[in-house]
Enquirer: 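Here it is: the structure, laid out below.
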Amino acid sequence: MSPNFKLQCHFILIFLTALRGESRYLELREAADYDPFLLFSANLKRELAGEQPYRRALRCLDMLSLQGQFTFTADRPQLHCAAFFISEPEEFITIHYDQVSIDCQGGDFLKVFDGWILKGEKFPSSQDHPLPSAERYIDFCESGLSRRSIRSSQNVAMIFFRVHEPGNGFTLTIKTDPNLFPCNVISQTPNGKFTLVVPHQHRNCSFSIIYPVVIKISDLTLGHVNGLQLKKSSAGCEGIGDFVELLGGTGLDPSKMTPLADLCYPFHGPAQMKVGCDNTVVRMVSSGKHVNRVTFEYRQLEPYELENPNGNSIGEFCLSGL
């Protein structure tokens, strides 16, 4: 497994440990090292293109970035399981129940969550998601097959499940659909370029990169003119109504991360910053009065850059945890 995937595995494992307790840490290490994160490989995606629908068994702890059919069959009581799904930034994820054989009365469950939740932290945050927190959980034991297909609101979704009886389980089909205006995104890769557009909508949108990175903002279009300032007061750009903020932290929920800088004026870049945090977020706040757009590039920081931060860098509070 490459260093990039090891870093992402490390981040996910920190929070997955909370699902089963510290005593299960080694089991989680084995599950992550087996191969789920290798599904992010672009080469693998190219190899599968045009072939028959991808099928494989689903593990108790799993991560998937491919469309296909996935079957979980318990070989022993499995009490603390979760599978994370991620697609391209410009896609929704649809989870379809093909077959479900679990004992709801006996304590089994199968729940879809619209987004990701790790150690109690959600992405998108409750502030940024279009649905109330309670409506983001869809419990099979409550709805049954009346909701055979569930579509996410962004490029990530997950399931929680518990199956006591060996031989019981379920089969899911995962498909993706185009999202013309992706709002909340978790990046699959440590390097890339993205344009976040919010067209006359009163909503907040976050782009999350689960790596320490250099962010270079090349273009910012807002419906007003103000100024750029580092986050030094509680006011910042928040009184403007339309702005972009850069966040950093070690968790998943943008609302619990540290604001690093506010940008609340249109410009044609570049504006660059190094952020040595486990998670870096570009978040756009929109009043709905304007078409707001921000274009940015990002790349993972090299080890020597983390050891010797300099220049336009805000990440001292993060570096100590790496």
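Residues take their numbers from the sequence shown, with the count starting at 1. Please read all numbers here as calculations on a predicted model, not as lab measurements.
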Enquirer: With a 4.5 Å limit on heavy-atom distance, are the side chains of Ile174 and Thr94 in contact?
Expert: no

Enquirer: Is there a path of hydrophobic side-chain contacts, each under 4.5 Å between heavy atoms of I, L, V, M, F, W or Y residues, that connects Phe160 with Phe123?
Expert: yes

Enquirer: Would Asp262 and Val244 count as a side chain to side chain contact (heavy atoms under 4.5 Å, CB included) if you check the C-alpha gap in whole Å, the side-chain angles of each, and the deciding distance to 0.1 Å?
Expert: CA-CA 6 Å; Asp262 287 345; Val244 168; over 6 Å; no

Enquirer: Applying side-chain hydrogen bond (donor to acceptor under 3.5 Å, both in side chains), which residue pairs with at least one partner in residues 137-149 are found, sequence neighbours left out?
Expert: His96-Ser149

Enquirer: State, yes or no, whether a side-chain contact exists between Ile217 and Thr295 at a heavy-atom distance under 4.5 Å.
Expert: no

Enquirer: So, do Ile209 and Val281 sit near enough that their side-chain heavy atoms are less than 4.5 Å apart?
Expert: no

Enquirer: Could you walk me through whether Phe170 and Phe161 pass the ring pair (Phe, Tyr, Trp, His ring centres under 6.0 Å) test, one step at a time?
Expert: CA-CA 10 Å; Phe170 53 87; Phe161 54 98; 5.0 Å; yes

Enquirer: Can you tell me how far CG of Asn292 sits from CZ of Phe243, rounded to the nearest 0.5 angstrom?
Expert: 11.0 Å

Enquirer: When you compare the side chain of Lys216 with that of Phe296, does any pair of heavy atoms fall below 4.5 Å?
Expert: no

Enquirer: Regarding Tyr211 and Ser187, do their side chains bring together a donor and an acceptor under 3.5 Å, going by distance alone?
Expert: no

Enquirer: With salt bridge (Lys or Arg N to Asp or Glu O under 4.0 Å) as the rule and sequence neighbours excluded, what pairs involving residues 282-301 come up?
Expert: Asp128-Arg283, Glu245-Arg283, Arg299-Glu305

Enquirer: First locate atom CZ of Phe92, then atom CG of Asp177, and finally report the distance between them rounded to the nearest 0.5 Å.
Expert: 8.0 Å

Enquirer: Got Pro212 and Cys277 here, is their nearest side-chain heavy-atom distance under 4.5 Å?
Expert: no

Enquirer: Please tell me if the side chains of Thr195 and Val294 come closer than 4.5 Å, counting only heavy atoms from C-beta onward.
Expert: no

Enquirer: Taking Gln154 for the side chain and Val156 for the main chain, is one N or O donor matched with an acceptor at less than 3.5 Å?
Expert: yes

Enquirer: What do the steps show when you test Val100 against Thr171 for side chain to side chain contact (heavy atoms under 4.5 Å, CB included), and what is the final call?
Expert: CA-CA 6 Å; Val100 180; Thr171 297; over 6 Å; no

Enquirer: Checking side-chain hydrogen bond (donor to acceptor under 3.5 Å, both in side chains) for the pair Thr176/Gln67: CA distance, chi angles, key distance, verdict?
Expert: CA-CA 7 Å; Thr176 62; Gln67 301 182 68; 3.2 Å; yes

Enquirer: Are Val163 and Ile138 linked, directly or through intermediate hydrophobic residues, by side-chain heavy-atom contacts shorter than 4.5 Å (ILVMFWY only)?
Expert: yes

Enquirer: Enter the distance from Gln201:CD to Ser287:OG here, rounded to the nearest 0.5 Å.
Expert: 11.5 Å

Enquirer: Looking at CZ of Phe84 and CG of Asp62, how far apart are the two atoms once the value is rounded to the nearest 0.5 Å?
Expert: 10.0 Å

Enquirer: How many angstroms lie between atom CD1 of Ile86 and atom CD of Glu88, to the nearest 0.5 angstrom?
Expert: 8.5 Å

Enquirer: In this structure, which one of Gln78, Arg162, His164 forms a side chain to side chain donor-acceptor pair (under 3.5 Å) with Asp108?
Expert: His164

Enquirer: Check for me, please, whether Tyr54 and Ile159 land in the same ILVMFWY cluster - side-chain distances under 4.5 Å, paths through other members count.
Expert: yes

Enquirer: Quick check: do Tyr97 and Leu172 have side-chain heavy atoms less than 4.5 Å from each other?
Expert: yes

Enquirer: If you take all heavy atoms of Ala83 and Leu58, which pair is closest and at what distance?
Expert: CB-CD1, 4.1 Å

Enquirer: Go through Asn179 and Glu91 one step at a time and tell me if the side chain to side chain contact (heavy atoms under 4.5 Å, CB included) criterion holds.
Expert: CA-CA 5 Å; Asn179 180 0; Glu91 293 177 336; 5.7 Å; no

Enquirer: State which residues pass side-chain contact (heavy atoms from CB on, under 4.5 Å) with Cys205; sequence neighbours excluded, sorted by chain then number.
Expert: Cys183, Asn184, Leu196, Val198, Arg203

Enquirer: Minimum heavy-atom separation for Leu252 to Glu121, with atom names?
Expert: N-OE1, 2.7 Å

Enquirer: Residues two or more places apart in sequence or in another chain: which of them pass side-chain contact (heavy atoms from CB on, under 4.5 Å) with Ser153?
Expert: Asp114, His129, Pro130

Enquirer: Would a hydrophobic clustering, with Ile, Leu, Val, Met, Phe, Trp and Tyr connected at side-chain separations under 4.5 Å, put Ile93 with Ile150?
Expert: yes

Enquirer: Between Asp98 and Gln69, does the side-chain hydrogen bond (donor to acceptor under 3.5 Å, both in side chains) criterion hold? Intermediate values first, please.
Expert: CA-CA 9 Å; Asp98 296 318; Gln69 188 178 71; 3.1 Å; yes

Enquirer: In the structure I gave you, are the side-chain heavy atoms of Ile215 and Gln272 within less than 4.5 Å of one another anywhere?
Expert: no

Enquirer: Do any pairs count as a ring pair (Phe, Tyr, Trp, His ring centres under 6.0 Å) and have a residue in residues 185-204, sequence neighbours left out, and if so which ones?
Expert: Phe194-Phe207

Enquirer: Passes side chain to side chain contact (heavy atoms under 4.5 Å, CB included), Leu260 versus Leu247? Steps please.
Expert: CA-CA 5 Å; Leu260 305 178; Leu247 308 170; 5.8 Å; no

Enquirer: If hydrophobic clusters are built by linking Ile, Leu, Val, Met, Phe, Trp and Tyr wherever their side-chain heavy atoms come under 4.5 Å apart, do Val291 and Phe181 end up in the same one?
Expert: yes

Enquirer: Kindly give the heavy-atom pair with the smallest separation between Val185 and Asn155, and that separation in Å.
Expert: CA-OD1, 3.4 Å

Enquirer: Backbone N or O of Lys122 within a donor-acceptor pair of the Trp116 side chain at under 3.5 Å?
Expert: no

Enquirer: Tell me the closest heavy-atom pair linking Gly288 and Asp242, and the distance in Å.
Expert: N-OD2, 4.4 Å

Enquirer: Looking at residues at least two apart in the chain, or sitting in another chain, which of them share a side chain to side chain donor-acceptor pair (under 3.5 Å) with Asp253?
Expert: Ser255

Enquirer: So which heavy atom on Asn279 is nearest to which on Met257, and how close?
Expert: O-CE, 3.2 Å

Enquirer: Distance check, rounded to the nearest 0.5 Å: Cys104 atom SG versus Phe109 atom CZ?
Expert: 10.5 Å

Enquirer: Considering all heavy atoms of both residues, which atom of Ser65 and which atom of Gln188 are nearest to each other, and what is their separation?
Expert: CB-OE1, 4.1 Å

